[in-house]
Amino acid sequence: MSRTYHIRTFGCQMNVHDSERLAGQLESAGYVAAEDGSAADLVVLNTCAVRENADNKLYGHLGHLRPRKKDRPGMQIAVGGCLAQKDRGEIVRRAPWVDVVFGTHNIGSLPTLLERARHNAEAQVEILESLETFPSTLPARRESAYSGWVSVSVGCNNTCTFCIVPSLRGKERDRRPGEVLAEVEALVAEGVLEVTLLGQNVNSYGVEFGDRLAFGKLLRSCGAIDGLERVRFTSPHPAAFTDDVIDAMAETPNVCHQLHMPLQSGSDRVLKDMRRSYRSSRFLSILDKVRAAMPDAAITTDIIVGFPGETEEDFEATLEVVRQARFSSAFTFQYSKRPGTPAAEMEGQVPKEVVQERYDRLVALQDDIAWQENKKLVGRKVELLVAAGEGRKDAETHRMSGRARDGRLVHFTPDGSAVDREVRPGDVVETTVTYAAPHHLVADGDLLSHRRTRAGDNAEAGLRPTTNGVSLGLPSFGAPPPAPAAAQGGCSL
C-alpha cells in the first residue's frame, strides 16, 4: 500500500512552488497525497524565515505533531525551507521526533533522506551551502489546473538590510531561456491558461549569462506560445526595472497589465538604510512610464512600517508616495526583526505602539485609495479566469470568483443565457462590474460570455498537471520547440 503525504507550506510564492516540486518527487517515489492531512504517513513542513515568530510557528506545529507520531508507528516528519536552512541541527535538538531536515538548496534529496531515516532509525540532516541542481530539473505536482508558477531564477544578489533571503537562498542563479519556455510550453500542453514567472528579483533575470535585456525578451517569447492566455511575473526590483520591460508588457498581448512593484518605504533616508538602491522619485517615475504605456495597469506593492530609525517625517513621506502612486492594493507589514539581518542590530528600533499607530494610518489611506480606484471600474466589462477557493463567502452568496486580467479579484454570479452547462474553475467568463469594495469587485448581472476550457475540464475531473523536470542547456529566445512526451508529463489524480 502506498504511503500518504501532506505538505504544509509557509511563506511566499517561492515556497508554494517549492512545495509543488516536493510533491512531484514524493509521487515519483510512490507516495500519494493524503485526502486527510491529519492521517498522513508523512508530514512535510516547508518553512519560511521572514517573520520574527517563524520559529514559534514551526515548533508549535511540531509540538502538535508529536503525539500523533507517537500514536502512529512509522509516521515521518520532515522540515525544509528557509528556517531549516537557518536552524539546521537545532531543529532536531529541540524536536527530536523530526526525521528529516533539508535546506533550500537540496529539496531534491527528500525521498532519499526519508528512506535513509527509516533504514538507519535516526534523524537525517542535510543542508547544502549552495545550489547543486536547479529545482526546475525536478518533477512537480501542480496545485492548479489552470494557473502555474514557473521559476526563472533562484537566489538574490541584493543586500537589503531587513531581508534574510540572500543568506538562505544564495546568490542569483538564472535558468536558461529555453528551459523556462519549455516548462511554460509543458504546462500549456496540460491545459494551463496562465503562468506567473517567479524570481526573487525577477527583472534582474539574465545577469548570470550577461544579458540585461533578457527578461523583456522572455516576456515577448511567452507571447509566441499558442494557448498561453495570461502571463504575470513577481517580484521585480525598482532599481533593475528597465524601459524594455515596460515595452514588452505593453506590446505582448498575453502579458497582463499588472505590476507588483515593492516600495518598502517612501522615505529616501529609510530606503538608504534599507540598502534599497533607488529613491522615491525613481520609483514614481517607473509608475508614470508604466501608466503612460498601459493606462489600465493595476499596480500593487509591499510596504514596511516601523523600520529602525523611522521618524514621523519618514512615515509621512511614505504616505505621500502612496497618495501619488494610487496602488490598487498593498501588502503592508509591521517591521519585525529577522535574526541574522543587519537591521536587527540597528539602533532606533521603533516602539510597538508607534508602529501599530502608523500601520493603522497607512492601511486606512491605502484602503480608501483602492476603493476609489475600484469604484472607477463599476460598469466596465471584465474578462475573468474563474478561480477556486478565492471567495470565502461564495457558497452563501451563490457567487463564484475569478481574477481579471489586471489581477483584481471579482466575485460574480454564474447565471445568464450565455452559460454553457455550468461554470467551472479554469473556465473564462466575461461580465460587468456592478459594485466596488476596497479589496474586491462584484459583478451580479448575467454573464456576457462563458468559454469552457480544457483547464475547466481538468478542474472538474479533479486532475492537476504533473510536469517532469526541464533542462535544455544553452540560452535561446523565441517560441520553444514542442516538448518531448517525457518532458510534458500528464495530468494525474
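Side chains are part of it too, since the values below use all heavy atoms of this structure and drop only hydrogens, waters and symmetry mates.
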Passing option when Asp99 is tested against Gln124, Arg118, Lys69 for side chain to side chain donor-acceptor pair (under 3.5 Å):
Lys69
How close do [X] and [Y] get, counting heavy atoms only, and between which atoms?
X      : Y      : value
Pro238 : Met261 : CG-SD, 3.5 Å
Asn201 : Glu172 : O-OE1, 4.4 Å
Glu347 : Pro308 : O-CB, 3.8 Å

Nearest 0.5 angstrom please: Tyr5 OH to Glu27 CD, how far?
3.5 Å
Distance, nearest 0.5 Å, that separates CZ of Phe307 from CZ of Arg276
10.5 Å
Looking at Arg269 and Glu313, is there a salt bridge between them, counting it only when a charged N and a carboxylate O are closer than 4.0 Å?
no
I'd like to know if Arg408 and Glu390 make a salt bridge, using a cut-off of under 4.0 Å between side-chain N and carboxylate O.
no
Look at the rings of His64 and His61 and say which category their plane angle falls in: under 30° parallel, 30 to 60° tilted, over 60° perpendicular.
perpendicular
Centre-to-centre under 6.0 Å for Phe327 and Phe331, is that the case here?
no
What about His260 and Phe233, are their ring centers closer than 6.0 Å?
no
Provide the full list of salt bridge (Lys or Arg N to Asp or Glu O under 4.0 Å) pairs with a residue in residues 286-297, sequence neighbours left out, each pair given once.
Asp243-Lys289
With side chain to side chain contact (heavy atoms under 4.5 Å, CB included) as the test, pick out the partner of His105 among Ile127, Val154, Leu128.
Leu128
Does anything in residues 270-291 form a ring pair (Phe, Tyr, Trp, His ring centres under 6.0 Å)? List the pairs, not counting sequence neighbours.
His237-Tyr278
